[in-house]
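These notes are about the structure you will find just below.
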Amino acid sequence: MLKTFIIGFKDLKLAFRDRAALILMLAAPFLVTVGMGLVTGRFSGTDQSGALNIPVVVVNLDNDAIGNALVEVFNSSELADLLEPTASSDAEAARRQVDEDQIVAAIIIPAGFTQSVIPTNGVASSPIQIEFYANPSRPTSAGIIKTILDGFLARIDEMQIGGLTSITQLIASGKISPQEANQAGAEMGKRFEAGGTTYAETAAIKINSSTTATETNDFDPLAFFAPSMALMFLMYTVSYGGRSILAEETQGTLPRLLATPTTSVQILGGKIFGIFLTGLAQMLILIGASSLFFQLKWGDALGVVLLVCAAVFGATGWGLLITALARTPAQVGSVGTAVMLIFAVLGGSFFQLSNMPPIMQAFSKITPNAWALDGFSTLALGGKLAAIAPPITALLTMGLILFLISAALFGKKNLAQK
Amino acid sequence: MANILEVQNLVKNYGAFQAVKGVSFNIQEGEIFSLLGPNGAGKTTTISMLSTLYQPTSGDAQIAGHSIVKEPMQVKRAIGVVPQELALYEDLSAKENLVFWGQMYGLSGKALSARVDEVLEQIGLTDKARDKVKTYSGGMKRRVNIGVGLLHKPRLLFMDEPTVGIDPQSRRAILDTVKDLNQHGMTVLYTTHYMEEAEELSNRVGIIDHGELIAIGTQKELTKQVGENETLLLHIGEQEEPAALATALKGLPNVLDINVVNAEISVVTSSAKDILASVVGAANARGIKIHSIDIREPNLEAVFLHLTGRALRD
Ligand SMILES: Nc1ncnc2c1ncn2[C@@H]1O[C@H](COP(=O)(O)OP(=O)(O)O)[C@@H](O)[C@H]1O
Ligand SMILES: [Mg+2]
């Protein structure tokens, strides 16, 4: 037993000395989480109070009724604290200013816009689109502008006139797809909080003035991304650990261990314990870091710890199965990476499971990701220990079954070798 | 003296291939015993069976009175193993490696840390103890590899070709360490394909070839097999035809045996001095150019040559 612990802690130490492993265990999930946070605008605009003065350029090439009305909206006194609009007639220059991050967005009202939306002689020509050119690295601010624009266009819609906008992506940053930007912008505009200052609802804009996310029980997007990414890269860690089992053989330390008065059960037990410890350390560090840096609320502490243990246990089972089936450390590595990605998709680490076809939802049950993610969501939304009993039970059962299968496979392998 | 190791008819088959073909020998407490043989002779396989890593196909051995087949745990406690290939955690320091392996041998607490410091001193790595093994030179790694085998003060130490592929100084240091360990009472089973190492270190030598122990004894006993004779080694050009010359040399007085390996003719003689002139004459008479001539005193190389008709080295 003691030797099992010693081997396990030795492996924990080795994992934390392996720079490549550290990058994938800790840096990657953390950075992807931060990235997701940026895309969803989690970090911008939350600390400012009072005036925001978001710089925006309105290029009115229309110079007709509707175009002028839109310019007026942007220059209205109600929005004075929020926006810092500049008029321009050079669309190219405005786009360039966005590219260079001098302004958050450019709204380009094309010539003939009014004509195109107001049917003349009873025939509506196909409407020309207003161009909304935004900087995706400022999703919150861009989202606010987009919201104002949408409000205005909705009003035109009410007038039975079709209004369309298009968001042109910044090619330079290339971070998000148009759909994402659109969604992100709209959503984050709603989430905007301006230090308690409530902006009167105008006909054109509607800015949510809820005070804090927790009070309204708003689901923080990071509460989804942080566990998703941690679980995805937990699968990396368990296959890394599995690889180290085979590596002991190739680097000669397994025969050497077997030449010491240590049984093979103690050695395998130690290796498994090492995988579990490493996964546990990884998860706890990631959870700690997201709580510390993003003030992310994971929910009931005991529940989180128990769920993490169960998730790591289930994932370790998969790591062992991969190892038992593979012949070389390299095979464990490549199969492990494939499983990591498949499980991440299948387990809902990228897309909410509820949006997936039923067959996928059924298959997701074989992944530790899906069960654990379910548990983390429950906890983040205020669920208590009892509420996460099903995922914990599922994860433990999964781990146990995989342990038994792997043990049988390992036994067979050893017999074949001797 | 009592035997610490007794081997009876040890056999190891890898599938249809017989790597060790019924080896028997004893090692006495306190001696250095060398297994000398070329690559592929079966040295590592033999050591692996003795250290209980491989199950013998048949046969058995007793180490400190315990059967390697029936009481592997007792055997493991009695032996230390220095494998041919490095077996260390390169991301751990020398000290961390020693501590870990010491724990695997059941050491702990003060006894462990005292012993680790002692071994570090012994392998000359006290100063570098905290550096990661992967930053070490080949020779330093080999020393750590040896150190791991010494931690629990085994009664019998297996060293499998511990000097392969390292610089002369490191090799010197390792040979001195082996002698030092032995002087402090450790029994050593040392394998090598270097005749000089076997000659320098061992009390007794077993010569192994193709899985068979073909000779065993002290160096004196073994060289006696080839008599007080010397060996003349003639290196001739690759394109020359050695067969005719070999036949001619066989007829010379005082020539006892002739072996031809590629472009090398070895002439076993009772007196190298006396036949030198006639050997050169015979070569000249046939227009065969001799590149160089070595005179070898009787040694283990000659014994191996005598027994197998081949040189030790490959
Ligand atoms: N695991 C194995 N499977 C099959 N053949 C092996 C294996 N290990 C060694 N051999 C063969 O057994 C013979 C003896 O090998 P070995 O004991 O390593 O020799 P040595 O240590 O004297 O160089 C060699 O011919 C080698 O190719
Ligand atoms: Mg060998």
Side-chain angles (χ1 to χ4, degrees), chain A residues 1-25 240-241 243-271 273-275 277-278 281 329 411 413-418, chain B residues 12-15 44 47-57 63 66 68 71-93 96-97 99-109 112 132-134 141 144-145 148-149 151-152 154 157-158 160:
Chain A
M1 201 61 194
L2 181 63
K3 283 186 186 175
T4 300
F5 270 66
I6 294 167
I7 293 171
F9 278 103
K10 180 265 298 172
D11 278 352
L12 178 68
K13 195 190 261 181
L14 284 176
F16 276 81
R17 290 215 179 144
D18 182 338
R19 198 162 301 159
L22 277 185
I23 288 174
L24 281 161
M25 270 165 36
Y240 174 85
R243 207 165 46 179
S244 90
I245 295 182
L246 299 191
E248 297 262 5
E249 174 106 51
T250 51
Q251 75 199 9
T253 43
L254 182 63
R256 183 164 227 166
L257 277 167
L258 287 167
T260 69
T262 311
T263 65
S264 47
V265 172
Q266 283 174 316
I267 296 169
L268 189 59
K271 296 301 294 180
F273 182 58
I275 301 178
L277 270 184
T278 312
K413 234 188 199 174
N414 273 351
L415 282 184
Q417 271 172 4
K418 290 251 161 121
Chain B
K12 181 68 187 178
N13 295 346
Y14 292 119
T44 299
I47 287 218
S48 298
M49 285 189 283
L50 294 178
S51 50
T52 76
L53 290 181
Y54 294 167
Q55 189 86 13
T57 306
I63 294 175
H66 300 288
I68 58 168
E71 305 165 286
M73 274 299 159
Q74 282 89 329
V75 169
K76 287 175 216 240
R77 273 188 259 275
I79 59 169
V81 180
V82 178
Q84 179 169 1
E85 305 293 337
L86 294 173
L88 300 167
Y89 299 105
E90 300 237 330
D91 274 321
L92 299 183
S93 69
E96 286 169 325
N97 265 289
V99 167
F100 173 77
W101 290 107
Q103 288 171 322
M104 290 301 112
Y105 278 105
L107 300 176
S108 63
L112 174 64
K132 283 187 192 172
V133 167
K134 67 176 173 197
K141 289 181 186 176
V144 182
N145 204 39
V148 170
L151 285 162
H152 62 301
L157 181 66
F158 295 146
D160 194 4

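Numbers restart at 1 for each chain; the letters A, B, ... are given by sequence-line order, proteins then strands.
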Does anything in residues 78-85 of chain B reach chain A? List residues with heavy atoms under 4.5 Å apart, or say none.
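The list, in residue order, reads Val81(B), Val82(B), Pro83(B).
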Winner by heavy-atom pair count (cut-off under 4.5 Å) against chain A, out of Leu88(B), Asn145(B), Leu86(B):
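Most heavy-atom pairs within the cutoff with chain A belong to Asn145(B).
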If I measure from the heavy atoms of chain B, does [X] come under 4.5 Å with its side chain, its backbone, both, or neither?
X	value
Lys10(A)	side chain
Glu248(A)	side chain
Leu257(A)	both
Ile7(A)	both

Please look at Val75(B) and chain A and tell me whether the side chain, the backbone, both or neither of the residue comes under 4.5 angstrom of a heavy atom of that chain.
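No part of it gets close to chain A.
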Report which part of Glu96(B) has an atom under 4.5 Å of a heavy atom belonging to chain A: side chain, backbone, both, or neither.
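For Glu96(B), the contact with chain A is made by the side chain alone.
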Identify the heavy atoms of [X] and [Y] that sit nearest to each other, and give their distance.
X	Y	value
Ser244(A)	Lys271(A)	OG-NZ, 3.0 Å
Gly274(A)	Asp11(A)	CA-CB, 4.1 Å
Leu14(A)	Tyr240(A)	O-OH, 4.2 Å
Ala281(A)	Leu12(A)	CB-CD1, 4.0 Å
Asp160(B)	Thr44(B)	OD2-OG1, 2.7 Å

What distance separates Met73(B) CE from His66(B) NE2, expressed to the nearest 0.5 Å?
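Here the rounded value is 13.0 Å.
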Is any side-chain heavy atom of Met25(A) closer than 4.5 Å to one of Phe16(A)?
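Side chain of Phe16(A) against side chain of Met25(A), heavy atoms only: contact under 4.5 Å found.
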With side-chain hydrogen bond (donor to acceptor under 3.5 Å, both in side chains) as the test, would you mind laying out the steps for Tyr54(B) and Lys12(B) before giving the verdict?
CA-CA 9 Å; Tyr54(B) 294 167; Lys12(B) 181 68 187 178; over 6 Å; no
Is the Phe273(A) ring parallel, tilted or perpendicular to the Phe5(A) ring (thresholds 30°, 60°)?
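Plane angle between 30° and 60°, so tilted.
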